[in-house]
Amino acid sequence: MAKSESEQVAVEETADNGAAPEEAALPASNGAGGSAPSGALGGATAIRGVPIPAGAVNFGELTSAFVDGPRLFRYLGDRKHTGALVDIGGGSSQVAILHEGNVVALVGSGGGGTRRLERLSLPGPAAGEEHQLNVLTYRPEVALALGQLVNVAERFERMHGSFVDLPALLAYLKREKANGAVRVSSGKDTGIVLLRGGEVLGAYTRQKPELEDAGVVYGLAKEADAEIDVHVGSLTLPPPAVSASSVVA
């Protein structure tokens, strides 16, 4: 059952020249049982940091000491879950974003930085090292915007905060009826504004993961080292996705 408390994971930013390990190609689903073009999730590569927002925690604080990670993930797919599965352990983390049981984004972090994934490696009770497993629930539109943040290339990238008026940028994206997300990065924190049809779905930062209005990131955009990226694109329903069962062993 869902609890009132929430969890958040910040996937740390990689260096610009960080290399992502090779990932196996996957059969893709278009979210409706059919096939989708290869690389539906954008392909494995190094990306900038992607914190995820807080959400209602389902089942409590799970651990691989007694939970089989792959079976849990397939269960979420079968139940058409919308939200995230977060795996933390061994000095790294993996996050899968789901929309109606299909995977719309996979991202991981570790010693090599942040990378977009094509597969998950989830532990079970027989694994040598215990991992923390959290199941979060999101609104469908939030899950879709997070998928675009991870997978859609930047329309505007690394714009220095000294010359960008963030409220004016959001007003421009509202006129454009943009779908996706804006990321504000600095050495102090990373903030995200999620968009649907130009409207702000919610905003949060790594240090303040609860969804609020866009004002929560305005101060961050004024930091001396702030950089702003805009990940927006067309929104298709069902979205590009792969089945949950195809990304775990």
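Within the 4.5 Å cutoff, the side chain of Arg119 has no heavy atoms near those of the Leu106 side chain. Side-chain contact check for Leu235 versus Gln148: some heavy-atom pair is nearer than 4.5 Å. Between Met159 and Val230 there is a side-chain heavy-atom pair separated by less than 4.5 Å. At least one side-chain heavy atom of Leu237 sits under 4.5 Å from a side-chain heavy atom of Leu144. By the 4.5 Å heavy-atom criterion applied to side chains, Val150 and Ile97 are not counted as neighbours. Side-chain contact check for Ser243 versus Val103: every heavy-atom pair is 4.5 Å or farther apart. A 4.5 Å side-chain heavy-atom check between Asp87 and Leu85 finds every atom pair outside the cut-off. Counting heavy atoms from C-beta outward, Leu170 and Tyr218 have side chains that approach closer than 4.5 Å.
Remark: the Ser245 side chain and the Arg74 side chain contain no N/O donor-acceptor pair separated by less than 3.5 Å.
Side chain of His131 to backbone of Gly124: no donor-acceptor contact under 3.5 angstrom is found. Panel note: side chain Asp225, backbone Gly187; a donor-acceptor pair is recorded below 3.5 Å.
In this structure, Ala84 and Tyr138 approach most closely via the heavy-atom pair CB-CE1, 3.9 Å. Contact record, His231 with Val152: ND1-O, 2.6 Å, taken as the closest heavy-atom pair. Asp165 approaches Pro167 most closely through the heavy-atom pair OD1-CD, 3.0 Å. Ala181 and Ala145 get closest at one heavy-atom pair: CB-O, 4.5 Å. Considering all non-hydrogen atoms of both residues, Ala226 and Ala221 come closest at CB-O, 3.5 Å. Considering every non-hydrogen atom in both Gln94 and Leu120, the closest pair reads OE1-CA, 3.6 Å.
The structure places CG of Asn151 at 11.5 Å from OG1 of Thr45, a figure rounded to the nearest 0.5 Å. Interatomic distance, CG of Asn102 versus CD of Glu100, reported as 8.0 Å (0.5 Å rounding). To the nearest 0.5 Å, atoms OG1 (Thr82) and NE2 (His99) are separated by 5.5 Å. With rounding to the nearest 0.5 Å, the separation of CG in Asn134 from CD in Glu61 is 6.5 Å. Taking CD1 of Ile228 as the reference point, atom CZ of Arg183 lies at 11.5 Å (rounded to 0.5 Å). Between the NZ atom in Lys208 and the CZ atom in Arg206 there is a gap of 14.0 Å [rounded to 0.5 Å].
Hydrophobic clustering (ILVMFWY, side-chain heavy atoms < 4.5 Å, transitive): Val193 and Tyr204 are in distinct clusters. Linking Ile, Leu, Val, Met, Phe, Trp and Tyr whenever their side-chain heavy atoms come within less than 4.5 Å leaves Leu194 and Phe156 in two separate clusters. Leu146 and Val232 are members of different hydrophobic clusters when ILVMFWY side chains are connected at heavy-atom separations under 4.5 Å. By the criterion of side-chain heavy atoms lying less than 4.5 angstrom apart, applied directly or through intervening Ile, Leu, Val, Met, Phe, Trp or Tyr residues, Ile52 is not grouped with Val217; the two fall into different hydrophobic clusters. Note on Val142 and Val184: separate hydrophobic clusters, where clusters join Ile, Leu, Val, Met, Phe, Trp and Tyr whose side-chain heavy atoms are under 4.5 Å apart, directly or indirectly.
A salt bridge between Arg48 and Glu154 is absent, with no side-chain N of the basic residue lying under 4.0 Å from a carboxylate O of the acidic one. Checked for salt-bridge contact, Arg196 and Glu141 miss the test: no charged N lies under 4.0 Å from a carboxylate O.
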Apply the test side chain to side chain contact (heavy atoms under 4.5 Å, CB included) to residues Val182 and Leu166: give CA-CA distance (whole Å), side-chain angles for both, the deciding distance (0.1 Å), then the verdict. CA-CA 10 Å; Val182 175; Leu166 184 56; 4.3 Å; yes
Check the pair Arg158 / Asp229 against side chain to side chain contact (heavy atoms under 4.5 Å, CB included), numbers first and verdict last. CA-CA 6 Å; Arg158 295 186 182 272; Asp229 303 303; 4.0 Å; yes
Does Glu223 form a side chain to side chain contact (heavy atoms under 4.5 Å, CB included) with Leu220? I'd like the steps, not just the answer. CA-CA 5 Å; Glu223 292 290 320; Leu220 186 59; 4.1 Å; yes
When you look at Val95 and Val50, which way does the side chain to side chain contact (heavy atoms under 4.5 Å, CB included) test go after all the steps? CA-CA 10 Å; Val95 178; Val50 183; over 6 Å; no
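Evaluated for a side-chain contact (heavy atoms from CB on, under 4.5 Å) with Phe73, the options Val247, Asp78, Leu133 yield exactly one hit, Val247. Leu195 pairs in a side-chain contact (heavy atoms from CB on, under 4.5 Å) with only one of the listed residues (Leu201, Asn179, Val200), which is Val200.
Within 6.0 Å of CZ on Arg79 lie more than 12 heavy atoms contributed by other residues, nucleotides or ligands.
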